[in-house]
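See structure below.
For ligands, and for the atoms within them, numbers begin at 1 and follow the listed sequence.
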Amino acid sequence: MNRQLAESLVQQFGSPLLVLDCDIVRTQYHALQQALPNVDLHYALKPLPHPAVVSTLLAEGAYFDLATNGEVDLVASVGVPADRTIQTHPIKRDSDIRHALTYGCNVFVVDNVNELEKFEPYKGQVELLVRVSFPNADVLADLSKKFGCRPEHALALIERAFALGIRIKGLSFHVGSQTKSGEKYATAIRRCQAIMNQVITAGLPPLSTLDIGGGFPVKYTPDVIGINEFCAPIRQALNELPETVRVIAEPGRYIVAPAVTNIASVMGQAERNGQTWYYLDDGIYGSFSGLMFDEAKYQITSLTQSTEIYPAVLAGPTCDSIDVIADSILLPKLANNDLIISSMMGAYCSCTATDFNFFKRAEFVVLNEQQNQVAMHSA
Ligand SMILES: *Cc1c(COP(=O)(O)O)cnc(C)c1O
């Protein structure tokens with residue numbers, strides 16, 4: 001972000017800010033769509049549940065992956081047709097099921113018999129995906145620990161559903177967020193194909209859908225490979241599936257991480273132990289919560305230009321000692337009110353922010369939002 005834009009946004013809207021550029025949302029969506037042709041991309045709202053992201057993606061032809069009633073309400077308020085959505089929380093209350101069904105979303109995820117039985121009252125209305133777990137040690141968040149049935153137990157669950165008269169539409173998995181290699185997906189896809197074959201051999205109705213989840217990585221650091229190369233093994237494994245299987249994915253982070261830039265201001269400063277501490281108006285309890293919960297690396301720079309740089313500490317505004325964003329970061333001498341710009345802050349940042357100590361959360365400013373989705377639907 002250039003200096004002029006950052007300064008004018010802060011002048012108009014105050015500080016701290018999260019600047020959401022919908023053009024980048026579009027670019028990311030199309031890059032992933034190109035890397036995974038014939039895969040229907042369902043944006044997982046969890047990393048950035050913002051209406052401008054939803055309306056932008058809807059206009060581009062995306063689908064949506066929901067996990068909570070709040071997410072159902074958000075897509076409904078933006079006018080997303082319910083048949084473009086799936087509800088993928090593996091553990092639901094009856095009220096969650098009813099809320100999604102009232103909206104018109106009828107695809108849900110289960111990974112055990114207890115959950116399956118919750119759908120008995122709705123068996124004529126719903127289609128389920130069985131979530132399978134594939135443990136993945138080298139990701140930021142290994143979601144296979146918390147959710148998913150083991151591949152060798154999938155057939156029994158599907159047989160149970162059939163006995164109860166509940167339709168199983170297909171299989172899903174999530175290899176974990178910010179995954180390092182596309183091979184993880186390829187292995188999972190081939191294992192799922194084996195389960196699909198077991199289902200046919202058992203004489204049950206064939207499964208029609210494979211949901212390969214989210215987890216696609218973004219370049220927090222230069223060593224992360226580009227999305228097209230990352231998806232090469234996935235494309236190869238998908239090519240081996242019968243053409244009748246519809247493949248969908250649930251990208252979250254990849255779509256939004258690069259689309260948001262944080263602008264924070266220096267509130268004050270102090271010299272401590274040979275370093276300058278700059279206290280910003282946003283921190284660990286605010287937009288930088290991802291440093292705590294997500295272990296992501298953001299690119300942090302100052303707008304102040306100088307050839308002389310010094311090691312400094314960037315701290316958040318609260319009175320808590322853990323509220324430090326960066327230690328020994330090299331920066332020019334900053335004045336109070338100077339701006340700090342942090343990029344790649346679209347995923348798992350604002351959604352986990354708090355207003356601890358009554359420091360208000362950063363406000364969103366939306367750039368390049370188009371308002372053409374209404375026209376698209378009436379067509
Ligand atoms: C969090 C989540 C996603 C999105 O994962 P990313 O790593 O952000 O792409 C997709 N599906 C489910 C079920 C999730 O819980």
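Remark: ligand 1 atoms within the under-4.0 Å shell around heavy atoms of Ser177 are 6 (P), 7 (O), 8 (O). Per-residue contacts place Asp65 under 4.0 angstrom from the following atoms of ligand 1 (heavy atoms of the residue considered): 10 (C), 11 (N), 12 (C). Short contacts between ligand 1 and Gly215, defined as distances under 4.0 Å to a heavy atom of the residue, involve ligand atoms 5 (O), 6 (P), 7 (O), 9 (O). When each atom of ligand 1 is checked for a heavy atom of Gly214 under 4.0 Å away, the hits are 9 (O). With ligand atoms numbered from 1 in the order given, ligand 1 contributes 13 (C) to contacts under 4.0 Å with heavy atoms of Thr88. Below 4.0 Å from some heavy atom of Tyr348 lie the following atoms of ligand 1, by number and element: 1 (C), 4 (C), 5 (O), 6 (P), 8 (O).
Below 3.5 Å of separation, one finds an N or O of Arg253 facing an N or O of ligand 1. Considering backbone and side-chain N/O atoms, Gly176 never comes within less than 3.5 Å of an N/O atom of ligand 1.
Closest heavy-atom approach to atom 5 (O) of ligand 1 within the set Lys146, Lys46, Arg131, His174: this belongs to His174.
Side-chain contact between Asp211 and Asp65: absent, with no pair of heavy atoms (C-beta onward) separated by less than 4.5 Å. Side chains of Leu18 and Asn262 form a contact here, defined as non-hydrogen atoms less than 4.5 Å apart. When side chains are defined from C-beta on, Asn38 does not count as touching Val247, because their heavy atoms never get closer than 4.5 Å. Side-chain atoms of Tyr43 and Val25, non-hydrogen and from C-beta on, never get closer than 4.5 Å to each other. Side-chain contact between Phe134 and Pro151 is present, with heavy atoms from C-beta onward closer than 4.5 Å.
Contact annotation: for Gln87 versus ligand 1, there are no heavy atoms closer than 4.0 Å. Residue contacts with ligand 1, taken as heavy atom pairs separated by less than 4.0 Å, involve Ala44 solely via side-chain atoms from C-beta onward. Residue contacts with ligand 1, taken as heavy atom pairs separated by less than 4.0 Å, do not involve Val109 at all.
Ligand 1 does not have His89 within reach: every non-hydrogen atom of the residue lies 4.0 Å or more from it. Ligand 1 lies nowhere less than 4.0 angstrom from a heavy atom belonging to Gly213.
For Glu71 and Lys46, the salt-bridge test fails: no basic side-chain N is under 4.0 Å from an acidic carboxylate O.
Although no hydrogens or angles enter the test, the distance criterion places no donor-acceptor pair under 3.5 Å between the side chain of Arg84 and the main chain of Phe64.
Put simply, CG on Leu36 and CG on Asn228 are 9.0 Å apart, with the number rounded to the nearest 0.5 Å.
In the model, Gln269 has a side-chain atom that pairs as donor or acceptor with a side-chain atom of Asn336 under 3.5 Å.
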